[in-house]
A.B. asks: 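Sharing a structure below in structure tokens format, with a few things to ask.
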Amino acid sequence: MGNFESSMGNTKTFSVQDYDLAATLLSGQAFRWRPIDRRWVGVIGSHWVCLQPDQFSITAATAEPVSDWDWLIHYLQLDVDLKEILLTFPDDVPMRNAMIACRGLRLLRQDPWECLASFILSSTKQIVQIQQIIALLCERLGEPLIPGPAFPAAYTFPSAIRLARATEVELRACKMGFRAPYLLATARAIASRRFDLGRIGQLPVELARAELMTLAGVGRKIADCVLLFAYGFQSAFPVDVWVMKALRQLYFPRRRVTLKRLHRFAATHFGPNAGYAQQYLFHYMRTK
DNA sequence: GCCCAGGTGAAGC
DNA sequence: GCTTCACATGGG
């Protein structure tokens, strides 16, 4: 491992409170972070970065000098006041337990294309397997990046344009199975400009969701993940098998409740940061 | 062998 | 509208 402190311009320490980096990076919102002796190594856009958490800070080291750290502040949402958000959660037993169990859990703000493509690959896969598929995809079709000294090879997430040029066979070779044609069709819609990801963030959330759901392999759940994790629509509330289990078990024990009913409940019960609350329930269910 | 995994789309009522 | 099913692949 190199001595980051000695080289100018490629390390920076950000002071933060209530930021559980491990929980955040492993809570199934992003899939490219790897733990390497108490640090977290990943790629954000075209930046290789290594994050070292401390009690009241996160220290970032990049492979190349950086003058402007806004990309990292934005990705980690370092200027968000978590306490303000937690105050908007409903004051009930399940949320109190989830808040205790998930102290410091945050939502990231990811690149829309990477987030969209990643979640197209997520359907009926365990998080570990999603990580494996994406690692393989980046290795084969991403651009090589210069990693920090003595760190393993690193790659960018392949662009929509790059994936649009790929064949279904190439994609299937990355172990993504029946998701390959979905990813390919969506990449081609974006690469050909039939679909504009830049416009999604400017629409009202219902329209943005409907637009995303016109893409191949994107239904309600994946659309909600992208709305929440990439565009920051705080009301988006992805309901997967875990969240469904959480809602049924914690809020509707001994009653059979439809998915539609759960969505209506979520829209009214969890307040303006419902999506954030959802991530707490998700992580709570998976770790307890 | 079985069942399940941060689901979606198509076909059947 | 709703229910059922196929879809690859790997882990427990």
Side-chain angles (χ1 to χ4, degrees), chain A residues 22-33 98 101-102 105-110 112 114-137 139-140 157 166-189 195 209-231 233 235-250 256-264 266 270 274-288:
Chain A
T24 299
L25 299 181
L26 283 182
S27 62
Q29 33 179 338
F31 302 100
R32 297 247 280 150
W33 291 96
C102 308
L105 178 63
R106 303 277 187 141
L107 283 186
L108 303 168
R109 185 69 60 87
Q110 303 175 58
E114 176 169 342
C115 185
L116 171 62
S118 297
F119 277 97
I120 286 175
L121 298 176
S122 75
S123 69
T124 55
K125 276 288 178 195
Q126 297 183 126
I127 289 175
V128 184
Q129 296 170 343
I130 301 166
Q131 291 168 340
Q132 290 167 357
I133 294 169
I134 291 173
L136 210 46
L137 181 70
E139 204 173 302
R140 298 198 176 175
F157 191 91
T167 64
E168 190 180 316
V169 172
E170 280 181 284
L171 295 185
R172 280 184 187 265
C174 299
K175 315 282 189 188
M176 64 181 73
F178 63 83
R179 303 157 196 82
Y182 295 152
L183 181 60
L184 193 53
T186 289
R188 287 181 175 165
F195 194 96
R209 176 184 295 119
E211 282 290 305
L212 286 170
M213 288 175 67
T214 65
L215 292 166
V218 182
R220 172 71 191 256
K221 188 268 172 182
I222 290 175
D224 279 340
C225 285
V226 177
L227 291 172
L228 183 62
F229 301 142
Y231 292 102
F233 285 103
S235 66
F237 193 99
V239 180
D240 73 317
V241 290
W242 288 97
V243 173
M244 194 171 336
K245 202 184 299 179
L247 293 178
R248 285 186 169 147
Q249 221 173 79
L250 301 173
R256 51 188 192 84
V257 193
T258 63
L259 180 61
K260 191 174 181 180
R261 179 80 199 280
L262 293 179
H263 271 123
R264 263 192 295 144
F270 291 100
Y276 232 104
Q278 172 276 157
Q279 195 64 12
Y280 273 66
L281 289 176
F282 177 77
H283 193 65
Y284 177 51
M285 285 303 280
R286 285 197 357 109
T287 52
K288 80 173 179 170

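Every chain is numbered from 1 and lettered A, B, ... according to where its sequence line falls, protein lines coming before strand lines. The shown structure was predicted, so the numbers you read here are calculated from the model rather than taken from an experiment.
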A.B. asks: Are the side chain of A:Arg179 and the backbone of A:Ser123 linked by a donor-acceptor contact shorter than 3.5 Å?
C.D. replies: yes
A.B. asks: Please report, rounded to the nearest Å, how far the C1' atom of C:dG10 is from the CD1 atom of A:Ile134.
C.D. replies: 16 Å
A.B. asks: What's the gap between B:dA10 and C:dA8 when it is taken at their P atoms, as a whole Å value?
C.D. replies: 14 Å
A.B. asks: After noting the C-alpha distance and the side-chain angles of A:Phe229 and A:Phe119, does the key distance pass the ring-ring contact (aromatic ring centres under 6.0 Å, His included) rule?
C.D. replies: CA-CA 10 Å; A:Phe229 301 142; A:Phe119 277 97; 5.6 Å; yes
A.B. asks: Using atom P of each nucleotide, how far apart are C:dC5 and B:dG6 to the nearest Å?
C.D. replies: 23 Å
A.B. asks: What is the distance from CG of A:Leu136 to C1' of C:dG10, rounded to the nearest Å?
C.D. replies: 13 Å
A.B. asks: For the residue pair A:Tyr182 and A:Phe178, categorise the inter-ring angle as parallel (less than 30°), tilted (30 to 60°) or perpendicular (more than 60°).
C.D. replies: perpendicular
A.B. asks: If a protein heavy atom is under 4.0 Å from the base, mark B; if only from the sugar-phosphate, S; if neither, -; do that for nucleotides 2-13 of chain B going 5' to 3'.
C.D. replies: ---BBBSS----
A.B. asks: Please confirm whether the backbone N or O of A:Arg106 pairs with a side-chain atom of A:Thr24, one donor and one acceptor, at under 3.5 Å?
C.D. replies: yes
A.B. asks: Starting from P on C:dG11, measure out to CD on A:Gln131 and report it in whole angstrom.
C.D. replies: 13 Å
A.B. asks: Side chain of A:Tyr276, backbone of A:Leu107: donor and acceptor closer than 3.5 Å?
C.D. replies: yes
A.B. asks: Roughly, in whole Å, what's the span from NZ in A:Lys260 to C1' in C:dG1?
C.D. replies: 8 Å
A.B. asks: Could you tell me whether the side chain of A:Tyr231 and the main chain of A:Pro112 form a donor-acceptor pair under 3.5 Å?
C.D. replies: no
A.B. asks: Identify, residue by residue, the members of residues 166-177 of chain A with a heavy atom below 4.0 Å from DNA chain C, and return them in order of residue number, or none.
C.D. replies: A:Arg172, A:Lys175, A:Gly177
